[in-house]
There are 2 protein chains.
Amino acid sequence: MIAGGLRLLVPAMRSALDDCRSCEARCRSLCGSVSGAGLAEFADIAETIRLRPHQRVVTEGDPAAHVFNIVSGAAKLVKAMPDGRQQIVGFLLSGDFFGLPVGGAYPYSVEAIGEARLCRFERARFEALLGRLPAVETALRERLIADLGAAQEHMLSLGQKSALERLAGFLMQLSLRAGRLGLPSNPVQLPMTRAEIADYLGLTLETVSRTFGRLKDRGLIAVRGRHEITLKAMAHLDELAQGDEAPMVRRAEGDLRCRSVGS
Amino acid sequence: MIAGGLRLLVPAMRSALDDCRSCEARCRSLCGSVSGAGLAEFADIAETIRLRPHQRVVTEGDPAAHVFNIVSGAAKLVKAMPDGRQQIVGFLLSGDFFGLPVGGAYPYSVEAIGEARLCRFERARFEALLGRLPAVETALRERLIADLGAAQEHMLSLGQKSALERLAGFLMQLSLRAGRLGLPSNPVQLPMTRAEIADYLGLTLETVSRTFGRLKDRGLIAVRGRHEITLKAMAHLDELAQGDEAPMVRRAEGDLRCRSVGS
DNA sequence: CGCTGGGTTGATCGCACTCAACCCGCGTGG
DNA sequence: CCACGCGGGTTGAGTGCGATCAACCCAGCG
């Protein structure tokens, strides 16, 4: 999960929403944690929302009155600076959860990528439910820990990796994630634009475009259309993303310096 | 909290540790969430550990058998790459909590900065306790959400901000954090080295050193010794950190300002 | 004393940013 | 039907911020 992933609430909406059947398979692992009664309670406070492309559901800094769950489509979590710079801190796919506030306010804005359908809960009621359903509370904790881990992994990318390494890692992430959702993991589908990839990876759209070219030149990927990438050497891509292969920059390992005394 | 902050367990150690009194004041807000019996249970499974400077308690990738709570001193969360590059994803101060695994393994290494004392719990027992103490589970959830928010804020820094903006933001963070711990918030104490600041901000130590110089030249800070910084214009520093003032587009204006001072 | 770890400063380099032109597909409307 | 605009993408030329390499400084300490 690149960011706010939390797939436990989808089952709750089966009775509230009529066309959620595509979610059923992929969230089965967490269905067991919700009792029949609890499931009904979730359905009770659920509300369906449809989003047009680029439409915003949540605005950074607003008081957090609701939490959300993506049913279908994709969205992005955006943190903006006053001068227009922005960082996408995560992409959300169907089943992902978001909207938990920091200090009472949303810490990011959320906008749809393409059409999206999602499910809304009043936050107060949602939190009240958590108290009554410890299994859900535990599942939520697990997801938060996973998200925190993903965030830390992304910090490593943003702070230390080259453009090539970041993009390779991004493609591998998308592939793994699609696989977990039961979708084909090799021709990777990119619902987002180059500019959005750039804002996620801390690069510019030109650099992203050029870096796709470099990956293609190396024979690691094939670009088919704007939104489909074929991974031609996943193991190699992964090595590249991890920085395993010879990079231009090699930093000395500080702790073992005592070995080679001045010679 | 810059990273794995979680201050709820400290009270539990009052009976297990004799000299934790400095923690008492700062964790009072969460003390109420633990019943007397629960507190005793925590004390029961607590174990004290002392660390020498640079000593490692947790290694990235190892199976996570314990969770920890910092009693005194400071530590860093480090993610490393095979070629030696590393990203510090957080600094821990007294009261902070860490060690929750992603996929069963620690997602980072943890090393002491200077001397540190901490408290260790077996993870299985800790999680069992969470089930019996819902108030603690809730407090843990709150801390995880706050940590996730801090991580996302840091992504914005790493992905979009200049060296000057990152360092200004870092100093403001440290100041706020010290204030929350009941320590003086203006002459900021830096327990870590320049190299560690660099690895946290995604810069090199040379750039960090030069950027301290630029902040000093602008009259925003005063550097006293290696580990103490006086913030001379916190409002201005904060604007700088947020990117409110003229950023990358017209760097010339910033240079103009320096020139008029210099010549 | 000299050694060592941490910090500062200078000179140079290079990756990614910036600015800019251009391409392509698509929808709209004359 | 083509003209046009527009959003998204690619490519090229030049720039600059921060990385790299390398002295040098300073304090603590055996």
Side-chain angles (χ1 to χ4, degrees), chain A residues 53-54 83-86 113-114 157-167 190-199 201-217 221 223-229 243 247-263, chain B residues 53-54 83-87 113-114 157-167 190-217 221 223-229 243 246-255 258:
Chain A
H54 304 124
D83 64 358
R85 282 177 283 175
Q86 56 180 43
I113 297 175
S157 271
L158 292 172
Q160 306 295 336
K161 295 185 183 176
S162 71
L164 210 56
E165 292 164 341
R166 290 185 211 185
L167 190 57
L190 306 178
M192 67 292 287
T193 67
R194 299 288 185 267
E196 287 165 335
I197 296 172
D199 281 342
L201 297 179
L203 302 169
T204 60
L205 63 93
E206 294 96 329
T207 298
V208 169
S209 182
R210 275 185 255 267
T211 307
F212 269 123
R214 289 167 66 193
L215 286 175
K216 198 170 57 179
D217 291 346
I221 65 170
V223 183
R224 194 190 306 272
R226 270 127 186 70
H227 296 299
E228 182 175 320
I229 306 282
M248 2 259 121
V249 201
R250 280 223 180 233
R251 275 175 83 176
E253 323 221 343
D255 289 18
L256 305 175
R257 196 172 306 155
C258 32
R259 260 241 188 140
S260 56
V261 189
S263 54
Chain B
H54 304 125
D83 63 358
R85 283 177 284 176
Q86 54 180 45
Q87 176 69 32
I113 297 176
S157 271
L158 293 172
Q160 305 296 336
K161 294 185 183 175
S162 70
L164 209 57
E165 292 164 341
R166 290 185 211 185
L167 190 56
L190 306 178
M192 66 292 287
T193 68
R194 299 287 185 268
E196 287 165 333
I197 296 172
D199 281 342
Y200 178 68
L201 297 179
L203 302 169
T204 60
L205 63 92
E206 295 96 328
T207 297
V208 168
S209 182
R210 274 185 255 269
T211 307
F212 269 122
R214 289 167 67 191
L215 287 176
K216 199 170 56 179
D217 290 346
I221 65 170
V223 183
R224 195 191 305 272
R226 269 129 187 67
H227 295 301
E228 182 176 320
I229 306 283
M248 49 186 179
V249 191
R250 281 284 157 256
R251 181 78 50 184
E253 289 170 10
D255 290 343
C258 296

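Letters A, B, ... are given to chains in the order of the sequence lines, protein chains preceding strands, and every chain is numbered from 1. These values consider heavy atoms only, across backbone and side chains, with no hydrogens, waters or symmetry-generated copies.
A donor-acceptor contact shorter than 3.5 Å is absent between the side chain of A:Arg226 and the backbone of A:Thr193. Listed for the B:Gln87 side chain is a donor-acceptor partner under 3.5 Å among the backbone atoms of B:Tyr200.
One interatomic measurement links the two molecules: CZ of B:Arg85 to P of C:dC15, which rounds to 13 Å at whole-angstrom precision. Rounded to whole Å, the distance from CD on A:Gln160 to C1' on C:dC15 is 15 Å. In this entry the distance linking CG of A:Leu190 with C1' of D:dG8 reads 14 Å, nearest Å. What separates CD of A:Glu165 from C1' of C:dC15 is a distance of 12 Å, to the nearest Å. Rounded to an integer number of Å, the gap from B:His227 NE2 to C:dG6 C1' is 8 Å. The CD-C1' distance, from B:Glu196 to C:dG5, rounds to 12 Å in whole Å. One can place CG of A:Leu201 at 16 Å from C1' of C:dC15, the figure rounded to the nearest angstrom. If you measure from atom CZ of B:Arg226 to atom P of D:dC25, you get 14 Å, rounded to the nearest angstrom.
Of all heavy-atom pairs between B:Val208 and B:Leu167, the closest is O-CD2, 4.1 Å. Listed here is the closest heavy atom pair of A:Leu203 and A:Arg166: CD2-NH1, 3.9 Å. B:Lys161 and A:Arg85 get closest at one heavy-atom pair: CA-NH1, 3.9 Å. Among all heavy-atom pairs drawn from B:Gln86 and A:Gln160, the shortest one is O-NE2, 2.9 Å.
For B:Glu196, the salt bridge (charged side-chain N to carboxylate O under 4.0 Å, His left out) partners at least two apart in sequence or on another chain are B:Lys76. Applying the side chain to side chain contact (heavy atoms under 4.5 Å, CB included) rule to B:Pro191 yields the partners B:Ala74, B:Ile113; only residues at least two apart in sequence or on another chain are considered. With sequence neighbours left out, A:Thr204 forms a side chain to side chain contact (heavy atoms under 4.5 Å, CB included) with A:Glu206, A:Thr207.
When distances run from any side-chain atom of A:Thr193 to the nucleotides C:dA16, C:dG6, D:dG8, the shortest one goes to D:dG8. Which of C:dA16, D:dG18, C:dT18 sits closest to the side chain of A:Ala163 comes down to C:dA16.
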Can you check each nucleotide of nucleotides 8-13 of chain C against protein heavy atoms at under 4.0 Å and return B for base, S for sugar-phosphate only, - for none, in 5' to 3' order? BBBB--
Distances under 3.5 Å between protein N/O atoms and the N/O atoms of nucleotides 28-30 of chain D, please, pair by pair.
none

